[in-house]
Amino acid sequence: MIIESLVTTMDAEGRVNLAPMGVEWGEQVVLKPFRDTTTFRNLVATRAAVLHLTDDVLLFVEAALGEPRFTWRPAGTVRGAVLDDACSWRELEVLTLDDAPPRARIVMRAVSAGHGREFLGFNRARHAVLEGTILATRLHLLPADEVGAQFERLAIPVEKTAGPREREAWAWLTAFVRARGVPLGAAP
């Protein structure tokens with residue numbers, strides 16, 4: 001099963017990187033970062049990460065498309081960063097690292113876990129924002145008219161069920177894809 005998560009890694013100097021990532025969830029966690037990413041470089045250098053579960057879709061959008069705004073504290077067991085607003089997290093260490101192109105396959109095990117605030121779940125707008133975020137990160141792979149049609153369908157649950165954070169995230173997403181030539185209808 002693939003779980004959408006936020007992953008923090010640190011470089012050798014202690015700079016924190018935040019990336020959204022669908023991970024294979026089970027007794028072990030499998031990350032599959034592209035080899036040219038900061039996440040991959042940090043995992044090779046430190047062999048540690050912190051995986052976060054959260055219902056804050058705006059943070060997913062910021063992490064995927066721009067400068068994410070987040071606060072953090074040091075992890076307790078690994079050299080890493082725990083998001084202050086995470087619902088829960090797993091501190092992970094690398095068991096195996098296969099760096100065959102184009103995407104690495106990194107098997108990790110949890111060495112510690114924690115809980116922050118309550119997980120409120122996902123309403124339809126949050127699901128739509130997550131799907132839109134994934135589409136926005138694949139604009140180089142998909143035809144613009146296909147992305148536009150999918151965004152039009154995703155806009156419906158956002159209009160019906162979104163709260164302020166989801167509306168802000170959706171506005172960011174639609175501006176991002178419009179700026180890259182994706183045809184969309186009127187702004188919601």
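From a predicted model like this one, the values you see are computed outputs, not experimental measurements. In what follows, every heavy atom counts, from backbone to side chain, and hydrogens, waters and symmetry copies are set aside.
Heavy-atom neighbours of R73 CZ from other residues, nucleotides or ligands within 6.0 Å: above the threshold of 12. The environment of CD in E13 is crowded: more than 12 heavy-atom neighbours from other residues, nucleotides or ligands sit within 6.0 Å.
When all heavy atoms of V78 and A75 are compared, the closest pair comes out as O-CB, 3.4 Å. Taking every heavy atom of both residues into account, V129 and A169 meet most closely at CG1-CB, 3.8 Å. Counting all heavy atoms, side chain and backbone alike, P157 lies closest to A125 at O-CB, 3.8 Å. Closest non-hydrogen pair, T133 versus A64, comes out as CG2-CB, 3.5 Å. Taking all atoms of both residues into account, the shortest heavy-atom contact from P101 to R35 is CA-CD, 3.7 Å. Of all non-hydrogen atoms in H52 and A86, the two that sit nearest each other are CD2-CB, 3.8 Å.
The backbone N or O of N123 sits nowhere less than 3.5 Å from a side-chain atom of T161 that would complete a donor-acceptor pair. Using a distance-only test at 3.5 Å, with no hydrogens or angles considered, a donor-acceptor pair links the side chain of E166 to the main chain of G163. Judged by distance alone, with hydrogens and angles left aside, the side-chain atoms of E91 form a donor-acceptor pair with the main-chain N or O of T77 at under 3.5 Å. E62 places a side-chain N or O within 3.5 Å of a backbone atom of R69 that can act as its donor or acceptor partner. In this structure, R79 contributes its side chain and A48 its backbone to no donor-acceptor pair below 3.5 Å.
V57 is not listed as a side-chain neighbour of W170, based on a closest heavy-atom distance of 4.5 Å or more. Using a 4.5 Å heavy-atom cutoff, the side chains of R180 and F176 are in contact. Side chains of L59 and F70 form a contact here, defined as non-hydrogen atoms less than 4.5 Å apart.
With rounding to the nearest 0.5 angstrom, the CG atom of D98 is 10.5 Å from the NZ atom of K32. Atoms CZ and CG, on R103 and D36 in that order, are 11.0 Å from each other to the nearest 0.5 Å. Separation of atoms CZ (F60) and CG (L18) is listed at 9.0 Å; rounding is to 0.5 Å.
Take R47 and apply the salt bridge (Lys or Arg N to Asp or Glu O under 4.0 Å) test, not counting sequence neighbours, and it matches no residue.
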**Prompt:** Can M10 and N42 be said to form a side-chain contact (heavy atoms from CB on, under 4.5 Å), step by step?
**Reply:** CA-CA 6 Å; M10 278 189 176; N42 289 351; 5.6 Å; no
**Request:** Apply side-chain contact (heavy atoms from CB on, under 4.5 Å) to F151 and V182, showing your working.
**Result:** CA-CA 9 Å; F151 258 75; V182 174; 5.7 Å; no
**Item:** Candidate pair R153 and Q150, rule side-chain contact (heavy atoms from CB on, under 4.5 Å), full reasoning
**Value:** CA-CA 5 Å; R153 283 190 294 279; Q150 289 189 48; 3.2 Å; yes
**Asked** Would L83 and D56 count as a side-chain contact (heavy atoms from CB on, under 4.5 Å) if you check the C-alpha gap in whole Å, the side-chain angles of each, and the deciding distance to 0.1 Å?
**Response** CA-CA 12 Å; L83 298 176; D56 184 351; over 6 Å; no
**Prompt:** Step by step, would you call D11 with R41 a salt bridge (Lys or Arg N to Asp or Glu O under 4.0 Å)?
**Reply:** CA-CA 8 Å; D11 66 13; R41 288 188 299 275; over 6 Å; no
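Transitive grouping of hydrophobic side chains (ILVMFWY, heavy atoms separated by less than 4.5 Å) keeps L6 and I134 in distinct clusters. L154 and L130 fall within a single hydrophobic cluster, where Ile, Leu, Val, Met, Phe, Trp and Tyr are joined by side-chain heavy atoms under 4.5 Å apart, directly or via other members. Taken together through direct or relayed side-chain contacts under 4.5 Å among Ile, Leu, Val, Met, Phe, Trp and Tyr, L184 and L142 form part of one hydrophobic cluster. Side-chain heavy atoms closer than 4.5 Å link hydrophobic residues (I, L, V, M, F, W, Y) into clusters, and following such links, possibly through other members, connects L58 to W72.
For the residue pair N17 / T39, a side-chain donor-acceptor distance below 3.5 Å is found, with atom types taken as modelled.
The pair E24-R105 meets the salt-bridge criterion, since a charged nitrogen lies less than 4.0 angstrom from a carboxylate oxygen. The pair R117-D55 meets the salt-bridge criterion, since a charged nitrogen lies less than 4.0 angstrom from a carboxylate oxygen.
In this structure, V94 belongs to a hydrophobic cluster whose other members, linked by side-chain heavy atoms under 4.5 Å apart, are M1, I3, V7, M21, V23, W25, V29, L31, F40, L43, V44, L51, L53, L92, L97, I106, M108.
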